[in-house]
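Input: a single structure, listed below in structure tokens.
Note on naming: letters A, B, ... go to the chains in the order of the sequence lines (proteins, then strands), and numbering restarts at 1 for each one. What's counted below: heavy atoms across the whole structure, side chains too, no hydrogens, waters or symmetry copies.
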Protein chains: 2
Amino acid sequence: MMRDSRLSSVLHGLLHMIGAGEPVTSEQLAQAMATNPVVVRRVMAGLREQGLVHSEKGHGGGWTLERDPADITLAEIYRAVGAPTIVAIGHRSENPGCLVEQAVNDALGDTFREVEALFLKRLGAVTLDALAKDFKRRLAKHKQNLEDQIHAAK
Amino acid sequence: MMRDSRLSSVLHGLLHMIGAGEPVTSEQLAQAMATNPVVVRRVMAGLREQGLVHSEKGHGGGWTLERDPADITLAEIYRAVGAPTIVAIGHRSENPGCLVEQAVNDALGDTFREVEALFLKRLGAVTLDALAKDFKRRLAKHKQNLEDQIHAAK
DNA sequence: CATCATGTAACATATGAAGTTACATGATGC
DNA sequence: GCATCATGTAACTTCATATGTTACATGATG
């Protein structure tokens with residue numbers, strides 16, 4: 001099954017925006033996200049509607065973060081990109097009259113709901129800021145590794 | 001997103017088989033599952049490979065359950081139908097060199113794995129027999145309701 | 001007013017589940 | 001033996017949907 005990567009994609013873009021400090025164009029984001037500017041605008045439009053980001057036209061325009069990253073959870077971002085289907089497995093039909101179907105749907109349906117709840121709970125526990133800090137840690141470690149290699153080569 | 005309904009579908013078929021007591025043809029199962037005989041064979045083939053069901057050709061042939069329903073969990077059936085993707089949300093790319101991507105994938109990846117583990121755990125806790133008994137309870141209750149209606153109408 | 005950037009519609013592509021057709025294989029009953 | 005029934009499977013079509021692309025309108029900047 002083709003998996004929806006809008007959340008992953010937009011997070012990538014947001015981290016870039018946090019690091020930038022000035023408006024980032026769709027063109028730049030598209031390059032960072034390895035996609036097309038139109039796709040960027042499409043997915044970012046959802047975030048703008050929720051007041052998470054702001055867009056500006058013309059020279060010096062582009063996308064900026066509208067709220068404090070420490071107050072934005074991944075769950076909120078997930079909803080902003082359209083709250084795509086979480087569980088890729090489903091019923092053959094909803095609202096079935098068949099008793100067999102009801103038994104099956106009940107057994108699976110409870111599991112689906114539980115799984116979705118866990119997913120949202122986990123996303124709700126991570127802020128954009130936490131993600132950005134994690135990235136910075138990786139960056140610092142990466143630089144350290146490079147330096148270590150240089151020293152070792154001396 | 002179009003959700004994979006093979007698990008739901010095959011459970012429906014298996015409950016029918018349990019009730020039957022004799023080989024059930026793909027044609028009959030297709031009718032019960034509101035689909036096509038070829039689709040039934042396709043999905044049942046996975047169960048046969050795992051030794052869960054048996055198929056017989058010719059007159060009086062069809063599908064029979066090969067193992068005790070009390071020993072078959074929904075998790076096993078899920079794997080037998082090909083272990084389709086559980087989480088409909090994914091990464092833009094696997095094995096990225098980009099550090100931003102790594103941070104994002106790590107944060108989401110942990111959640112995905114947790115969610116999938118919960119899904120399998122829940123399915124592993126339900127046996128086919130439990131599902132069949134649940135159905136029988138519904139059936140009994142349904143019959144009772146019908147009788148009550150008849151008595152009330154007298 | 002030329003340029004830059006977003007906004008959006010319309011269309012194209014890709015993937016994968018599900019449905020369908022066609023024919024081969026094998027078992028049963030007469 | 002052979003007609004019939006049922007599975008086995010390949011090949012194709014259909015459908016939904018995320019993603020990619022093209023084209024053009026709108027609005028801001030210098």
Side-chain angles (χ1 to χ4, degrees), chain A residues 1-10 12-13 17 20 22-31 33-49 53-64 66 78 81-94, chain B residues 1-10 12-13 17 20 22-49 52-64 66 78 81-94:
Chain A
M1 156 112 16
M2 200 182 183
R3 299 165 107 179
D4 186 316
S5 63
R6 278 176 291 184
L7 177 60
S8 163
S9 178
V10 83
H12 199 132
M17 283 167 57
E22 58 180 5
V24 185
T25 66
S26 301
E27 189 72 50
Q28 293 170 309
L29 286 174
Q31 200 149 6
M33 293 153 75
T35 181
N36 187 295
V38 178
V39 174
V40 172
R41 291 190 194 114
R42 195 144 65 200
V43 71
M44 283 304 211
L47 301 210
R48 185 184 50 223
E49 278 169 24
V53 297
H54 174 76
S55 63
E56 201 72 52
K57 289 180 177 177
H59 282 272
W63 300 88
T64 44
E66 186 81 340
Y78 159 77
V81 296
T85 306
I86 296 169
V87 179
I89 295 174
H91 305 316
R92 161 153 294 281
S93 69
E94 308 291 337
Chain B
M1 156 113 13
M2 200 183 182
R3 298 165 105 181
D4 186 317
S5 64
R6 278 177 291 183
L7 177 60
S8 162
S9 178
V10 82
H12 199 132
M17 283 167 58
E22 58 180 6
V24 185
T25 67
S26 302
E27 189 73 50
Q28 294 170 309
L29 286 175
Q31 200 148 5
M33 294 154 74
T35 182
N36 188 293
V38 178
V39 174
V40 171
R41 290 189 195 113
R42 194 145 64 199
V43 72
M44 283 303 211
L47 302 209
R48 185 184 49 223
E49 280 169 22
L52 298 181
V53 298
H54 175 76
S55 62
E56 201 72 52
K57 289 180 177 175
H59 282 272
W63 300 87
T64 45
E66 187 82 342
Y78 158 77
V81 295
T85 305
I86 296 169
V87 179
I89 295 174
H91 305 315
R92 162 152 294 278
S93 68
E94 308 292 337

Counterpart residues, side chain to side chain donor-acceptor pair (under 3.5 Å), relative to [X] (two or more places apart):
| X | value |
| --- | --- |
| His54(A) | Glu56(A) |
| Thr35(A) | none |
| Arg42(B) | none |
| Ser55(B) | Arg48(B) |

Show the distances under 3.5 angstrom between N or O atoms of the protein and N or O atoms of nucleotides 26-30 of chain D.
residue: dT26(D); atom: O2; partner: Lys57(A); partner atom: NZ; Å: 3.2
residue: dG27(D); atom: O4'; partner: Lys57(A); partner atom: NZ; Å: 3.1
residue: dG27(D); atom: N2; partner: Gly58(A); partner atom: N; Å: 3.2

Between Glu27(A) and Thr35(B), which has a closest nucleotide on DNA chain C that is more 5'?
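Comparing both residues, the 5'-ward one is Glu27(A).
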
Among all residues two or more places apart in sequence or in another chain, which pass the side chain to side chain contact (heavy atoms under 4.5 Å, CB included) test with [X]?
| X | result |
| --- | --- |
| Pro84(B) | Ile89(A), Asp4(B), Arg6(B), Tyr78(B), Val81(B) |
| Ser5(A) | Arg92(B) |
| Gln31(B) | none |

Could you go through nucleotides 11-16 of chain C and list every protein N or O atom that sits under 3.5 Å from one of its N or O atoms, giving the distance for each pair?
none

With a cut-off of less than 4.0 Å, is there a side-chain N or O of [X] near OP1 or OP2 of [N]?
| X | N | value |
| --- | --- | --- |
| Ser55(B) | dG8(D) | yes |
| Ser26(A) | dT6(C) | yes |
| Ser5(B) | dA17(C) | no |

Most 5' of Pro84(A) and Trp63(B) on DNA chain D, judged by nearest nucleotide:
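Between the two, 5'-proximity favours Trp63(B).
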
Taking the nucleotide of DNA chain D with the nearest heavy atom to each, does Pro37(B) or Val38(A) sit closer to the 5' end?
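Closer to the 5' end of DNA chain D: Pro37(B).
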
Separation of [N] [atom2] from [X] [atom1] (nearest whole Å):
| X | N | atom1 | atom2 | answer |
| --- | --- | --- | --- | --- |
| Gln28(A) | dA5(C) | CD | P | 8 Å |
| His54(B) | dA27(C) | NE2 | P | 10 Å |
| Gln31(B) | dA6(D) | CD | P | 13 Å |
| Met44(A) | dT8(C) | CE | C1' | 17 Å |
| Arg41(B) | dA22(C) | CZ | C1' | 12 Å |
| Arg48(A) | dG7(C) | CZ | C1' | 7 Å |
| Leu29(A) | dG7(C) | CG | C1' | 16 Å |
| Arg92(A) | dG19(C) | CZ | C1' | 10 Å |

Which heavy atom of [X] sits nearest to which heavy atom of [Y], and what is that distance?
| X | Y | answer |
| --- | --- | --- |
| Ser26(B) | Trp63(B) | OG-NE1, 2.9 Å |
| Ala30(A) | Pro37(A) | CB-N, 3.5 Å |
| Ala88(A) | Thr85(B) | CB-O, 3.3 Å |

Listed by chain and number, what are the salt bridge (charged side-chain N to carboxylate O under 4.0 Å, His left out) partners of Arg41(B), not counting sequence neighbours?
none

Rounded to the nearest 0.5 Å, how far apart are CD of Glu66(B) and CE of Met17(B)?
9.5 Å

Describe, as an angle rounded to 10 degrees, how the axis at the first end of the helix from dC1(C)-dG30(D) to dC30(C)-dG1(D) is tilted relative to the axis at the last end, five pairs per end.
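The end-segment axes of the helix from dC1(C)-dG30(D) to dC30(C)-dG1(D) are tilted 0° relative to each other.
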
